[in-house]
Amino acid sequence: MTDSSFAQTDPANLTQEEAQAELRRLAAEIAEHDRRYHQEDAPTISDADYDALRRRNAEIEAKFPNLILEESPSNQVGAAPASGFGKITHRLPMLSLDNAFQDDDVRDFAGRVRRFLKFDPLQGALAMTAEPKIDGLSLSLRYEKGELIYAATRGDGTTGENVTENARTIDDIPVKLKGKVPDVVEVRGEVYMAHKDFQALNERMAARGGKVFANPRNAAAGSLRQLNSKITASRPLKYFAYAWGEMSELPEDTQFGMVKLLETWGFQINPLMKLCETVEELIEVYHDIEENRAQLDYDIDGVVYKVDRLDLQERLGYVSRSPRWAIAHKFPAEQAFTVLNDIEIQVGRTGALTPVAKLEPITVGGVVVSNATLHNEDYIKGIGQDGEPIREGKDLRVGDTVKIQRAGDVIPQIVDVDLDKRPKDAKPFVFPTECPACGSHAVREENEKTGRVDAVRRCTGGLICPAQATEKLKHFVSRNAFDIEGFGDKQVDAFYKDELVRTPAEIFTLEERDKQALTKLRNREGWGAVSAKNLFEAINARRRIDLHRFIFALGIRHVGEGNAKLLARAYGSWSVFYEAMQAAHDQAGEAWTDLNDIDGIGHIVAEALAEFFAEGHNRDQLDALLEQVTPLEAEKIDASGSPVAGKTVVFTGSLERMTRDEAKAMAERFGAKVSGSVSKKTDLVVAGPGAGSKLKKAEELEVEVISEDDWFDLVGL
Ligand code: IVH
């Protein structure tokens, strides 16, 4: 295969002829890889290389839109052109929804909502809407003075892609709103493709010898994210409006009323939306919709319930990325049987040995599945976390016929094995006790405190294990961490192998070392002067980095993006954080207590942090990195100007105007940190009637104490 995953020539420097030739070659090459992957299940390149080919194709297309081929790969599947669209930061984030699977989960949800609001059954009905969950992709539309200003995809919820030109071609999306509308209106809803349109489109594509879409969702996504809006215009996309973002005024005070209003402004709304007074009514609507699902001309994957009163929605607020006032009641997962061809062991960045099922490819719910996670060795044996059996047919053996399940976006799971179909010679799987990457012992640690053996077997090779080291580096440069353009999995593997980059700090010394090197990067196969220069620029652009990205990039166990953000917000700067973590390493004393007091940081996370910073070699690597990189001060959450931003608040006594959960959520929304105990670090105590020892302590320490009413005045509610 020709290696075109590196940009040899900047697309801007290509002539028309060169661009045309390269686009033709890329189309043929990508089509061949698609065929090997989908039809033969025998891909000959890695996903990263494949993505690089597509990216190169999209970059050239962005520069030469007149040369886009009918059979262009970007016309074929849903994958996003990586850099073809501008970015738009949503004024209000685009949230996702929490899931319910059983009827009882919905009853629990309604109970939680009532408790949070202290909404007594005697106060009457807590009305909610029920409507289908459309299986498409969400799109935010901003209107100013009634005119469409932009359309943005959800992206990561904070930043999406600017697809305005494409959205303008969709009939259901008005470019001008009807009637009297607020100055600023942001409408949110789902772009989707109807079944009959999807079939017709696929027939058209197949007739031209092109690739077909796997399902209507992919077809909708692929069609919306075309770099050429003429192609989008030729695709039959539709749009249902069901929510809103920023609004200069809210003309209605209920969810139902607002959605009905969207209809008068010119949007399509889902005709199955119902207003319900009780949970049982919601569940009835769900089962009705589920029964009639096959008759609908579009895909849905559940029913969404939303608290109707907008003032209550406001009080309920959000937990991480989902509103407390809504939930998606999902339809049961789709299942299918296939054969387990092999079990492969992957080594992750923390040394965890993860078994992966290699399956005979099978279509489940419209998607071809050929891999499934097997979690750990107990899972293969059929033993769950609590020691209980997790399947009727217990252990999994290569050659078994297994039942796999796919629920929404969730990674496919093996949920059962058909023992009647087990080949006579199938042997129990023997999990390796040596790391397949470095040969070190792989062990299951015993938790000193609980005495329980960890479910995960880990390689003990640490930094000598190439799999751990490269996975750590891949995490370090990944999108939500350092996000270094042009430095992906493939480059990490190659640079590691050739000893060019073995630690994060070495990424940043690469350019300096390259100047002295005999073989320069630009002379390596697949590289040139331009691509080497681009890489150094991309690296240098990250020498100053957001604190939460820096913390996340370190790859500390249990410190994902969410926890990294909490830590960044709590400590504000790298120096404060680093000092505190080193002080907390003995897991005692004030720094340790403070760490555990951070809302959302549990004991396991605190322990993982303390252990990480107690390791000398981690600190050495960090210090080397800090010579190259400067983490920036953390941004305070959108609470600038809030008088309690950055303050540590303790609520005590019985509160009358809000529940404890609500108080905590409110304080956090205004940028404060809530603590459960009063100390020298406490800035403010909000005390209700009956406050006892905490109030006394506050008085002793001369911490400011205010009433619940004062609190409301202070935050301006
Ligand atoms: S409401 C704040 N309503 O589901 C709540 N979402 O899992 C915003 N979706 O990203 C979403 N149908 O793309 C809502 N009737 C519906 C929906 C719906 C589909 C999608 C949406 C969202 C995802 C969350």
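Quantities reported herein were computed from a predicted structural model and do not represent experimental measurements. First listed ligand is number 1; within each ligand, the first listed atom is number 1. All values below were derived from every heavy atom in this structure, side-chain atoms included, with hydrogens, water molecules and symmetry-related copies excluded.
- Ranking protein heavy atoms by distance to atom 5 (C) of ligand 1, first place goes to L97 CD2, 3.8 Å.
- Taking CG from L139 and CE from M94, the interatomic distance works out to 7.0 Å, rounded to the nearest 0.5 Å.
- A donor-acceptor pair shorter than 3.5 Å cannot be found between the side chains of Q405 and Q413.
- Among all non-hydrogen protein atoms, the one lying nearest atom 13 (O) of ligand 1 is E190 OE1, 2.8 Å.
- The local environment of CZ in R479 is sparse, with at most 12 non-hydrogen atoms from other residues, nucleotides or ligands closer than 6.0 Å.
- In this structure, M94 has no heavy atom closer than 4.0 Å to ligand 1.
- Among all protein heavy atoms, the one lying closest to atom 8 (C) of ligand 1 is L95 O, 4.3 Å.
- Atom 9 (N) of ligand 1 has its nearest heavy-atom neighbour, among W244, Y318, Y242, in Y242.
- A heavy-atom separation below 4.0 Å is not found between G189 and ligand 1.
- At a heavy-atom distance under 4.0 Å, only backbone atoms of P132 (N, CA, C or O) approach ligand 1.
- Nearest protein neighbour of atom 3 (N) of ligand 1, counting heavy atoms only, is K306 NZ, 3.1 Å.
- At a cut-off of 3.5 Å, with distance as the only test, a side-chain donor of H195 or D299 sits close to an acceptor on the other residue.
- Of all protein heavy atoms, the one closest to atom 23 (C) of ligand 1 is K133 NZ, 4.0 Å.
- Within ligand 1, counting atoms from 1 as listed, the ones closer than 4.0 Å to a heavy atom of E131 are 3 (N), 15 (N), 16 (C).
- Close N/O approach between I134 and ligand 1 is found [any backbone or side-chain N/O within under 3.5 Å].
- Not one N or O of P323 is nearer than 3.5 Å to an N or O of ligand 1, by distance alone.
- Polar contact check, S138 against ligand 1: a nitrogen or oxygen pair lies under 3.5 Å apart.
- Taking the six-membered ring wherever Trp is involved, the centroid distance between the rings of F240 and Y298 falls below 6.0 Å.
- Remark: E186 engages R188 in a salt bridge, criterion side-chain N to carboxylate O under 4.0 Å.
- H329 and N99 are not linked by any side-chain donor-acceptor pair at a separation below 3.5 angstrom, with hydrogens and angles left out of the test.
- Salt bridge status for K238 with D172: absent, with no side-chain N to carboxylate O gap under 4.0 Å.
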